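A quick note: this is a predicted structure, and the numbers were derived from the prediction, not measured. In what follows, every heavy atom counts, from backbone to side chain, and hydrogens, waters and symmetry copies are set aside.
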Amino acid sequence: MAAENKSEHKPKPLPFIANFAAGAIAGISEILTFYPLDVVKTRMQLDTGKSKGLGGTFSSIIKEEGVGRLYRGLVPPLLLEAPKRAVKFAANDFWGKRYLDWSGEAKMTQSLSIITGCSAGATESVVVVPFELVKIKLQDKRLASQYNGPMDVVRQVIRKEGLLGLYAGMESTFWRHLYWNGGYFGTIFTVKKYLPKADTAQEQLLNNFVSGALGGFVGTVLNTPFDVVKSRIQGAERVPGVVPKYNWTYPALATIMREEGVGALYKGFVPKVLRLAPGGGVLLLVVEFTLGVFRQVLGPPYI
């Protein structure tokens, strides 16, 4: 009888809109907290010479261009962050349910959590490309005087390359998000199994932050080479009749390794991981907290 009562009171999954809204709120919280590290990361990835390192790049930006430059290009990712993170968590929820149905498994497994994350990343990548392109061009020091703002980037790209020009780097963005999300959600699944059971709401929030931060670290280790390539592809100026040096992901990875060494594939790793490890924790913490609020507001059968 007790088992039957427990089954009867199992919370009903929240609707799609709740997962979408929770992801949006989490994304905005994360980007406002960690954006300067993203600017430093992009500068390091676009630099084909000897790296100045995190501190050197950070200080040179402030010294030569002012503190405000650390927030250059904030508008596109801020506008993007809500739909981007919303799509990430909503797609993860959607694909998770689909894969459970197709596999016949009663609950999520390690392999299912990884393929679910990869599918969510692939879905997310379609949304983010134009915003990422605008952000990269605004963050690039070489192009600082060429554009007056986000909409000017859009106008110039469309005038020179057509609408499809806004999707430069689509393939590399696909791989970047596929590897990050697979590592992120797969790690969260594993870490949560080994963390002590949370007996209070505060302990649950801590577990979410720890598992999300470790997921962010693993995702960053896996996807940084693809992020370097994406930055190079989107930062390049297209010249009619000239084949770009960086065009497709895997050939570009080989070119960078040959010309700059394997370590160049991890340019910008330190600021990236400093953002996305704790940022991954913040994302999961805010998402789970917001979903909890939705459950309380909606009441039974969601709690």
Side-chain angles (χ1 to χ4, degrees), residues 3-28 30 80-128 173-195 197-198 204-205 207-212 214-216 218-219 222-223 280-303:
E4 291 177 1
N5 289 337
K6 184 176 180 181
S7 175
E8 289 172 4
H9 289 89
K10 183 178 180 180
K12 180 181 177 181
L14 285 164
F16 175 86
I17 189 62
N19 285 283
F20 191 90
I25 294 168
I28 292 173
E30 190 269 341
L80 164 67
E81 207 61 28
K84 173 184 173 182
R85 302 305 188 185
V87 168
K88 176 196 295 290
F89 286 97
N92 191 70
D93 180 69
F94 171 84
W95 287 114
K97 290 173 181 175
R98 299 291 84 73
Y99 287 130
L100 282 173
D101 289 343
W102 295 337
S103 67
E105 295 282 355
K107 59 182 181 178
M108 188 62 67
T109 64
Q110 173 68 38
S111 58
L112 285 179
S113 67
I114 292 173
I115 193 172
T116 295
C118 288
S119 299
T123 305
E124 178 188 19
S125 69
V126 178
V127 177
V128 307
T173 303
F174 170 86
W175 292 115
R176 183 184 82 148
H177 286 267
L178 182 143
Y179 283 110
W180 198 88
N181 283 273
Y184 180 65
F185 287 110
T187 300
I188 287 171
F189 177 86
T190 301
V191 171
K192 280 189 171 183
K193 287 200 306 183
Y194 293 101
L195 286 173
K197 184 178 183 302
Q204 184 60 57
L205 289 175
N207 281 0
N208 287 333
F209 181 82
V210 170
S211 58
L214 289 172
V218 172
L222 292 174
N223 94 326
V282 169
L283 280 175
L284 188 62
L285 189 154
V286 176
V287 163
E288 293 294 343
F289 176 81
T290 307
L291 290 176
V293 172
F294 276 121
R295 290 189 183 96
Q296 293 299 319
V297 171
L298 294 173
Y302 300 104
I303 57 175

Atom pair [atom1]/[atom2] of [X] and [Y] - distance to nearest 0.5 Å:
| X | Y | atom1 | atom2 | result |
| --- | --- | --- | --- | --- |
| R295 | T290 | CZ | OG1 | 11.0 Å |
| Y99 | M108 | OH | CE | 10.0 Å |
| L205 | L284 | CG | CG | 10.0 Å |
| I115 | W102 | CD1 | CH2 | 9.0 Å |
| L112 | K107 | CG | NZ | 12.5 Å |
| F185 | T190 | CZ | OG1 | 13.5 Å |

Looking at every heavy atom in both [X] and [Y], which two are closest together, and how far apart are they?
| X | Y | answer |
| --- | --- | --- |
| T173 | S125 | O-CB, 3.8 Å |
| F294 | A18 | CE1-O, 3.6 Å |
| G216 | Y184 | N-CD1, 3.4 Å |
| F209 | L285 | CB-CD1, 3.8 Å |
| L100 | S103 | O-OG, 3.3 Å |
| A26 | V287 | CB-CG2, 3.5 Å |

Run the side-chain contact (heavy atoms from CB on, under 4.5 Å) test on N181 and N92 for me, step by step, so that the C-alpha distance in whole Å, both residues' side-chain angles and the decisive distance to 0.1 Å come before the verdict.
CA-CA 9 Å; N181 283 273; N92 191 70; over 6 Å; no

Using the salt bridge (charged side-chain N to carboxylate O under 4.0 Å, His left out) rule, collect all pairs that involve residues 173-185, keeping only residues at least two apart or in two chains.
E132-R176, R176-D227

Any carboxylate oxygen within less than 4.0 angstrom of a Lys/Arg side-chain nitrogen, looking at D101 and K97?
no

Just checking F289: does its CZ atom have more than 12 heavy atoms from other residues, nucleotides or ligands closer to it than 6.0 angstrom?
no

Quick one: side-chain hydrogen bond (donor to acceptor under 3.5 Å, both in side chains) partners of N208, sequence neighbours excluded?
K192, Q204

Partners of T123 by side-chain hydrogen bond (donor to acceptor under 3.5 Å, both in side chains), sequence neighbours excluded?
W95

